[in-house]
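Here is the naming used below: chain letters follow the sequence lines, and residue numbers restart at 1 for every chain.
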2 protein chains.
Amino acid sequence: MYVTRKADYAIRCVLYMTKNTWRVTSVDEISNAMYVPKSFLAKILQRLMKAGIVSSTRGIKGGFQLAKDPKDINLLEVIEAIQGVSAANICAIDSRLCRLSGRCTVHPIWVKIREKVEKELKKENFEKLAKKSRI
Amino acid sequence: MYVTRKADYAIRCVLYMTKNTWRVTSVDEISNAMYVPKSFLAKILQRLMKAGIVSSTRGIKGGFQLAKDPKDINLLEVIEAIQGVSAANICAIDSRLCRLSGRCTVHPIWVKIREKVEKELKKENFEKLAKKSRI
DNA sequence: TTTAAACAGGACTATTTTAGTCTTGTTTTA
DNA sequence: TAAAACAAGACTAAAATAGTCCTGTTTAAA
């Protein structure tokens, strides 16, 4: 499980929107507030759209807003919206990717770690995060 | 925390050597047994050398053997010997790498996850792994 | 009705990392 | 002294990461 810059930006972005729930925020605004390159952020928001996490309004005065209640959005979901499923070791995602799997002693350990990490990430919803947030 | 092929091969390699403790094994032998490209494995073994996990004997009939008791070698140590320290998010390794850290709500979560993963990996020593192993 | 602000989406690019290979040299034992 | 084995650095191809850019389309407001 490695969190890319893209997913990290996505998290900041959802966090910002959580603090401005029900208000339409533009890419430009989020970009400036969260120190994320604008055109890169636009791509990220498109992915969050496809995942149903945000919704968009086009045209002047348009922008993005959360499509769900912040308490129903967790970290894992945002990360996976951006980079797909991931794990410490590819074999923990798809055992076919490892020619030793099935016979491999280490395999169950990767699976266990993946489960633990995903559990932690699922526990963290954005309502909770925003309460603690100072940015 | 992402485990590269290199670290994955290193683990297989240490596992093989654990099952042949006190015997000198050549790169060629391990390479064939563990399905790892020979010249790549040679590089990996050099790293394990520097980390003090294996020792080498040069010349004909030379090769590698574990430099420590398998029960004193854990997964984390082998992974870090190959790829250095890692975490789900770079900010969990060095908070200076994140311009929001200190103010970032998500930062403590990455740190917690890193700690949990490292704890799991430290628990797994090679004596234990070899007992379960069928390869 | 036109203009400008904003999203949509595809193509493109530079940099870094990953996963190796290759070559030349040194050691050691039979 | 030849061959088998490690040592170490240079090299390379492919993939992933981190963006940028450009050409559209939409829509509120002047």
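- With sequence neighbours left out, the salt bridge (Lys or Arg N to Asp or Glu O under 4.0 Å) criterion links D28(B) to K38(B).
- Taking the 5' to 3' direction, DNA chain C first and last meets chain B under 4.0 angstrom from a heavy atom at dT18(C) to dT29(C).
- Atom pair F40(B):CZ and dA10(D):P shows a separation of 18 Å (rounding to whole Å applied).
- We find that CG of L41(A) is positioned 17 Å from C1' of dT17(D), with the value rounded to whole Å.
- In this structure, I44(A) is not a member of the same hydrophobic cluster as V24(A), with clusters built from ILVMFWY side-chain heavy atoms closer than 4.5 Å.
- Among the atoms of the strands shown, only primed sugar atoms or phosphate atoms (P, OP1, OP2) are found under 4.0 Å from some heavy atom of S26(A).
- Partners of R23(B) by side-chain contact (heavy atoms from CB on, under 4.5 Å), not counting sequence neighbours, listed by chain and number: Y16(B), N20(B), T25(B), E29(B).
- With sequence neighbours excluded, no residue satisfies ring-ring contact (aromatic ring centres under 6.0 Å, His included) with Y2(B).
- dG9(D) atom P lies 12 Å from atom CZ of R47(B), rounded to whole Å.
- In this structure, K38(B) atom NZ and dA4(D) atom P are separated by 10 Å, rounded to whole Å.
- Side chain to side chain, N125(A) and D72(A) fail the donor-acceptor criterion of an N or O pair below 3.5 Å.
- The distance between atom CG of L48(B) and atom P of dA7(D), rounded to the nearest whole Å, is 12 Å.
- Atom NZ in K43(A) sits about 13 Å away from atom P in dC21(D), given to the nearest Å.
- At a threshold of 4.0 angstrom between heavy atoms, the contacts of Y2(B) with the nucleic acid are absent.
- Between K119(A) and E115(A) there is no salt bridge, since no side-chain N of the basic residue sits under 4.0 Å from a carboxylate O of the acidic one.
- Atom-to-atom, CG of L45(B) to P of dA7(D) comes out at 9 Å; the value is rounded to the nearest Å.
- For the segment residues 53-68 of chain A, the set of residues with a heavy atom within less than 4.0 Å of an atom of DNA chain D comprises R58(A), G59(A), I60(A), in numerical order.
- Atom CD of E29(B) and atom P of dA5(D) are 10 Å apart (whole Å).
- Residues K116(A) and E120(A) are not paired through a salt bridge, judged by the lack of any N-O separation under 4.0 Å between the basic side chain and the carboxylate.
- The number of heavy atoms from other shown groups lying within 6.0 Å of NZ (K68(B)) is above 12.
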Return a table of donor-acceptor pairs under 3.5 angstrom between the side chains of residues 52-60 of chain B and protein atoms on other chains or two or more places apart.
none

